[in-house]
Structure formats: structure tokens, C-alpha cells
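Only one structure is covered here, and it is reproduced in the block below.
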Amino acid sequence: MRILMPHLPRAFFARPTLIVARELLGQCLVKVDRRRRLAGIITEVEAYIGEEDLACHARAGRTRRTEVMYWQPGRLYVYFTYGMHWMMNIVTERKGFPAAVLVRGIFPTEGIEGMRQRRGRSTHLTDGPAKIAQAFGIDKQCNGIDLCARDSTLWIERGTPAPNSSVVTGPRVGLGSTPEPWLSKPWNFSMKLSNEPA
DNA sequence: GGCCCGATACTCT
DNA sequence: GAGTATCGGGCCC
């Protein structure tokens with residue numbers, strides 16, 4: 001019997017955020033856009049975990065912006081920052097506990113021409129969180145969508161898991177004045193692709 | 001490759 | 001009103 005639905009199931013996201021973040025490396029983000037597939041391998045992510053984590057938007061509690069982080073795992077949390085950029089996160093853990101993984105880096109594999117059109121350039125298509133949102137056409141309208149729903153046009157597909165030897169961890173990026181210990185938590189995960197320079 | 005800086009508007013205090 | 005989970009252009013290696 002063939003697998004009918006390629007989506008990673010909700011159980012994948014309903015686990016500790018650091019586990020989900022690590023295991024998202026090597027998986028494939030897919031969007032069906034006007035009947036064409038846009039896809040890429042996830043190469044860099046960051047974990048944001050709960051109201052205690054002072055780098056997490058949920059540090060301010062449940063607000064209109066952070067509402068989706070409190071929903072079931074497998075939802076998309078999309079927010080706007082710096083006056084012009086959208087960011088894409090995947091909600092993790094259990095309903096009622098605000099946590100998510102920010103997708104910071106992708107290696108494009110399908111629909112590259114479409115990404116180039118949206119980005120208005122031919123290189124550096126998805127090597128940053130706002131670039132990913134622009135290349136995949138993700139904005140406020142995508143906030144709260146369910147990556148695990150049967151009829152979703154956006155989902156995570158099983159790829160080739162990143163071997164431990166390719167994974168690097170480090171502090172999260174762009175946190176500015178966030179106090180310790182949160183500023184230095186090694187909750188950024190990235191993988192080196194074998195065809196990239198070391 | 002790197003550093004510096006301005007753009008820009010939304011969220012929460 | 002302040003702060004912001006960034007980007008791209010200009011410049012200099």
C-alpha cells in the first residue's frame with residue numbers, strides 16, 4: 001500500500017522543540033502554488049520555547065500576534081518584522097504551550113524560476129528567514145494554516161535526515177538585547193550540505 | 001568575503 | 001513611543 005499523504009504527521013511536531021528543530025534539518029518544505037511545486041531542503045532552524053524564553057515572542061503571553069503559538073503543533077506561525085519582512089515558524093509541543101521553530105535557511109530544489117520571480121534576483125533565494133517567506137509567497141494570509149491538514153497547500157515532506165556529522169549548533173541570531181541565559185542558548189541548528197564549501 | 005547603515009510598519013507598553 | 005527572530009546596497013578588501 002502506497003503512502004497517500006506525503007506530509008509529516010502532527011506527531012512529528014508534537015515533541016520537544018529542540019528535537020523537532022534538529023530533525024527538521026534535511027526535511028523538505030513544499031508549497032503548491034498555482035499547481036506548481038515550490039520546494040527546498042531545510043538547512044537552518046531555530047527553537048523558541050515557551051513564555052520563560054525571553055527571546056520567544058510568547059514572553060509577553062498570549063496576544064493577538066502570538067495566538068497561533070498556543071494552537072496545536074503543526075500550525076504555521078507567520079509574523080511581520082522590521083517594517084517589511086515576514087518570518088515563517090512551525091508550531092511545536094502541545095496545544096496551550098507556546099513554542100515554535102523558525103525556518104532560517106533552505107536549499108531550493110523545485111520551482112526555482114518562480115522563486116527568482118518573487119525575489120527579483122537569481123541568487124540568494126532562500127538563505128535567510130525573510131527571503132524564504134518571499135520566495136515561497138508566505139505572508140499574513142498563511143498565519144495559522146495547518147501543515148498537517150489533508151487539503152493544505154503547504155507542508156513538510158520527509159527528506160534525507162541530516163547526519164550528526166553535518167549539524168552545527170550555536171546561539172540564535174538577531175536577539176539583540178535579550179538577557180542571559182536566553183541570549184546564549186545554543187538553539188540554532190544548521191547543516192552543511194555536502195556540495196557546499198566547508 | 002566582510003562591515004555599515006537606512007528602509008519600514010507592526011506589536012505591545 | 002520604543003523596539004524589532006532582516007535585507008540589500010555601497011563600499012572596502
Side-chain angles (χ1 to χ4, degrees), chain A residues 13 16-22 24-25 29 40 42-71 73 75-93 97-108 112 115-145 147 154 156 167-193 195-198:
Chain A
F13 304 102
T17 307
L18 296 178
I19 303 290
V20 177
R22 164 65 182 86
L24 274 172
L25 296 177
L29 175 70
I42 296 172
T43 58
E44 184 183 355
V45 295
E46 261 168 21
Y48 291 87
I49 311 175
E51 296 176 353
E52 305 297 309
D53 174 7
L54 295 182
C56 180
H57 288 164
R59 64 185 177 275
R62 197 163 182 157
T63 66
R64 196 161 67 227
R65 179 169 71 155
T66 60
E67 174 66 22
V68 174
M69 293 186 90
Y70 291 80
W71 292 5
R75 294 277 181 162
L76 201 70
Y77 167 47
V78 180
Y79 69 88
F80 188 72
T81 194
Y82 290 111
M84 62 189 91
H85 299 305
W86 298 98
M87 309 272 177
M88 190 193 105
N89 303 251
I90 302 170
V91 176
T92 58
E93 312 240 2
F97 182 85
V101 173
L102 170 68
V103 182
R104 292 192 63 91
I106 281 185
F107 180 81
I112 291 173
M115 295 185 197
R116 284 180 171 147
Q117 285 183 10
R118 281 221 179 83
R119 293 276 294 122
R121 59 184 59 242
S122 58
T123 61
H124 296 283
L125 300 177
T126 54
D127 56 343
K131 301 180 193 180
I132 292 169
Q134 187 180 31
F136 279 79
I138 289 166
D139 61 16
K140 183 172 197 142
Q141 292 192 313
C142 302
N143 189 37
I145 68 170
L147 301 178
L154 187 68
I156 307 294
V167 176
V168 177
T169 62
R172 294 171 290 182
V173 176
L175 301 192
S177 57
T178 300
E180 297 290 3
W182 313 107
L183 183 61
S184 299
K185 292 278 187 191
W187 290 355
N188 174 291
F189 299 78
S190 64
M191 69 179 286
K192 293 188 172 102
L193 292 173
N195 60 346
E196 271 185 334

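Throughout, a chain's letter reflects where its sequence line sits, starting with A, and its residues are numbered from 1.
- A heavy atom closer than 4.0 Å to some atom of DNA chain C occurs in Ala130(A), Lys131(A), these being the qualifying members of residues 130-141 of chain A.
- Heavy atoms only, all atoms of each residue included: Ala99(A) and Thr17(A) are closest at CB-OG1, 3.4 Å.
- Proximity of a side-chain donor or acceptor of Arg59(A) to a complementary backbone N or O of Asp53(A) within less than 3.5 Å is not detected.
- The distance between atom NZ of Lys185(A) and atom P of dA5(C), rounded to the nearest whole Å, is 19 Å.
- For Met69(A), counting side-chain heavy atoms from C-beta on, the closest listed nucleotide (dA5(C), dG8(C), dT6(C)) is dA5(C).
- Of the inter-residue distances, the one linking Leu193(A) atom CG with Leu25(A) atom CG reads 10.0 Å to the nearest 0.5 angstrom.
- If you check every strand for non-hydrogen atoms under 4.0 Å, Arg172(A) touches nothing.
- Residues passing the side chain to side chain contact (heavy atoms under 4.5 Å, CB included) test with Gln134(A), sequence neighbours excluded: Arg119(A).
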Hey, what are the protein-to-nucleotides 3-8 of chain B N/O distances that come in under 3.5 Å?
from   : atom 1 : to       : atom 2 : distance (Å)
dT8(B) : O2     : Tyr82(A) : O      : 2.6

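- No contact: His124(A) has no heavy atom under 4.0 Å from any strand.
- One finds no side-chain N or O of Thr66(A) lying less than 4.0 angstrom from the OP1 or OP2 phosphate oxygen of dT11(B).
- Between the CD atom of Glu44(A) and the CZ atom of Phe189(A) there is a distance of 11.5 Å, given to the nearest 0.5 Å.
- In this structure, the CD atom of Glu44(A) is 16 Å from the P atom of dA5(C), given to the nearest Å.
- The separation between Leu175(A) atom CG and dT6(C) atom P is 8 Å, rounded to whole Å.
- The phosphate of dA5(C) (OP1 or OP2) has no side-chain N or O of Arg104(A) nearer than 4.0 angstrom.
- Here the P atom of nucleotide dC7(C) and the CZ atom of Arg119(A) are 8 Å apart, to the nearest Å.
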Wobble G-U and Watson-Crick pairs count when both distances are under 3.5 Å; given that, what is the 5' to 3' dot-bracket string of DNA chain B, with | for pairing to other strands?
|||||||.||||.
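- No donor-acceptor pair closer than 3.5 Å links the side chain of Arg118(A) to the backbone N or O of Met115(A).
- In this structure, Ser177(A) reaches the sugar-phosphate backbone alone: every heavy-atom distance under 4.0 Å involves primed, P, OP1 or OP2 atoms, never a base.
- Here the CG-OH distance, from Asn143(A) to Tyr79(A), works out to 11.5 Å after rounding to the nearest 0.5 Å.
- With sequence neighbours excluded, the residues that form a side chain to side chain contact (heavy atoms under 4.5 Å, CB included) with Glu67(A) are Arg62(A), Trp71(A).
- Considering only side-chain N and O atoms, Arg121(A) lies under 4.0 angstrom from the phosphate OP1 or OP2 of dG9(C).
- Between Tyr79(A) atom OH and dA9(B) atom C1' the separation is 15 Å, expressed in whole Å.
- One atom, CZ of Arg118(A), and another, C1' of dG8(C), lie 20 Å apart when rounded to the nearest Å.
- Considering only residues two or more places apart in sequence or on other chains, Gln141(A) meets the side chain to side chain contact (heavy atoms under 4.5 Å, CB included) condition with Asp139(A).
- In this structure, the CE atom of Met87(A) is 6 Å from the C1' atom of dA5(C), given to the nearest Å.
- His57(A) contributes atom NE2, which lies 7.5 Å from atom OH of Tyr48(A) (distance to the nearest 0.5 angstrom).
- A distance of 7.5 Å separates OG1 of Thr92(A) from CE of Met69(A), quoted to the nearest 0.5 Å.
- To the nearest angstrom, P of dA5(C) lies 19 Å from CD1 of Ile90(A).
- Looking at every heavy atom in both residues, Gly105(A) comes nearest to Ile132(A) through N-CD1, 3.4 Å.
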